[in-house]
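Read the structure below first, then the notes.
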Amino acid sequence: MNPITNRLKKCGIISINSFRGVEAFMMYTLKCPSCGRVFDPIGVNYLCRECGMLLEYIYEYEKIDFNFKNLKDRGIWRYEKVFPKIQKRVTLGEGKTPLKVAEDLAKKVGMKFLFLKDETLNPTNSFRDRAAALMVSQALDYGYNKIVCASNGNLGASIAAYCAKAHIYATIIVPKATHIGKLAQMFIYNAKVIEKGETLDDSLIFIEKILREGKIYNATAEHNSLTLEGQKTISFEIVEEIDVPDWVLVPMGSGGTIYSIWKGFTELKKLGIVKELPRMIGVQAEGCSPIVKAFFNEKNDKYYEKEASTQALAILVRNPANSFLALKAIRESNGLAVAVSDEEIMSAEKLLARTEGLFAEPASASTIAALSKLLNEGTLGNDERVVCLITASGLKAPYVLEAIIRRGKRIGFRKNVSVKLQVLKLLDIGVSYGYEIWKALGKDITIQAVYQHLNELEDKNLIKSVWKGRRKYYQLTEKGKQVLNLLETLILLF
Ligand SMILES: [Zn+2]
């Protein structure tokens, strides 16, 4: 028996009989992008045993016969020659998303060649489907029937959908502030959802506890190298359509996404398909921009945000696990890191929707906001070819509220929505009681009406009350905070 086959069998990770292409392991290794150590691609431990960094698949590129003209499959599977071996494909039709020529938006911001890689058209409306397809497929190959994933929302929704298709169990760990649309996706796909912590950083810590409970596949982006493999296909598709652009703008949360896109371009160069490489621009929200801060501080690759907030929840990560990788992509490509304010993000989101008909989640719109900024500064030339990555659909965030507003228009309770919004805002500042709230509202409604609103908000679990002595105090619930955030987003948008 060949030594690798033997080792695989000893590890008990896979059944050799069910895994015909064992020799394919000889074509690639897992390498630490930080310390350079190389590991055999056996099992599902994707973190460097020496420095804890996310490993990356490195292929024997010179041995791979790769040419776009000879590729037959559709979507991400088209590029299977530069994937680790997958036996049991789980697919929902991910990839092959359009690269849209954004003529009107380009004109508005004052440039000539702008392309939008529209990842909202993936099966669960985000780019994460590319990664989820590979991870759930590998879990099946290795005989797992349970998957856990810590996520800000998009990957959790994707994993939930692919697990549903593969008939295996999904547990998704999400921070408390997760967009309602993404949670709805997880629930409809029948995933078990556990809310843990304020941001993704806290959810990532909790995942260790779940993994100790038994044989469970970890499909968390920050812990699984197949995330990079799935997402690098975005670059393959871009090159197949327009060759190499001058710049690619990518929103950054944990930092893995920009690196996966960069990896795709560098692999195409190693495969002899392209000669040039694009310059990468990573974008964060000003309220949470640890990678941008690290970029401008050459000596410190790691930056931790003690206090962080942004409406762009998909990129709200205080302590980004893949900051090193993001900085590597930016620096190797001679690129840039940029932070934009929430106001700039919201106005870019509106501009994107109204010029190109594309409703993106706030994190994606951050790339458009950055684009305007860089053009105004003169950092980007107006005749350069630029691609912005539109990671996920805006429908994942405020659609529930849009529905409320539509209903409001029909039966005329918009005014009540606005009173309720004011009450939520007051309670966001601090705990209060009925009379105080009535006074703060300016007394232009009756106190009975205020109590009616408070009761209705409590019935909907947006606020809760406690008796202290003879007075009933009200405070916001987590759900109330989420709804308030979404309502405020919506007001900025419309
Ligand atoms: Zn290492």
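Indexing begins at 1, ligand by ligand and atom by atom, following the structure's order. All figures in this text were calculated on a predicted structure; none of them were measured in a lab. We use all heavy atoms of the structure for the numbers below, so side chains are in, but hydrogens, waters and symmetry mates are not.
A side-chain donor from one of Asp129 and Thr124 sits under 3.5 Å from a side-chain acceptor of the other.
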- Query: Does the pair Tyr28 and Tyr61 meet the rule for a side-chain contact (heavy atoms from CB on, under 4.5 Å), with working shown?
  - Reply: CA-CA 9 Å; Tyr28 51 86; Tyr61 300 100; over 6 Å; no
- Message: Could you walk me through whether Arg74 and Thr91 satisfy the side-chain hydrogen bond (donor to acceptor under 3.5 Å, both in side chains) test, starting with their C-alpha distance in whole Å, then the side-chain angles of each, then the deciding distance to 0.1 Å, before giving a yes or no?
- Response: CA-CA 11 Å; Arg74 283 175 62 83; Thr91 177; over 6 Å; no
- Give the intermediate values and the outcome of side-chain contact (heavy atoms from CB on, under 4.5 Å) for residues Phe295 and Gln284. CA-CA 12 Å; Phe295 175 75; Gln284 293 198 295; over 6 Å; no
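Between Glu213 and Lys146 there is no salt bridge, since no side-chain N of the basic residue sits under 4.0 Å from a carboxylate O of the acidic one.
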Can you give the donor-acceptor pairs under 3.5 Å from side chains of residues 47-59 to other protein atoms, not counting sequence neighbours?
unit_1, atom_1, unit_2, atom_2, d
Glu56, OE1, Tyr259, OH, 3.1
Glu56, OE2, Tyr259, OH, 3.1
Tyr57, OH, Tyr46, OH, 3.0
Tyr59, OH, Val82, O, 3.1
Tyr59, OH, Glu229, OE1, 2.4

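Protein atoms that are N, O or S and lie under 2.8 Å from the Zn ion (ligand 1) are these: Cys32 SG, Cys35 SG, Cys48 SG, Cys51 SG.
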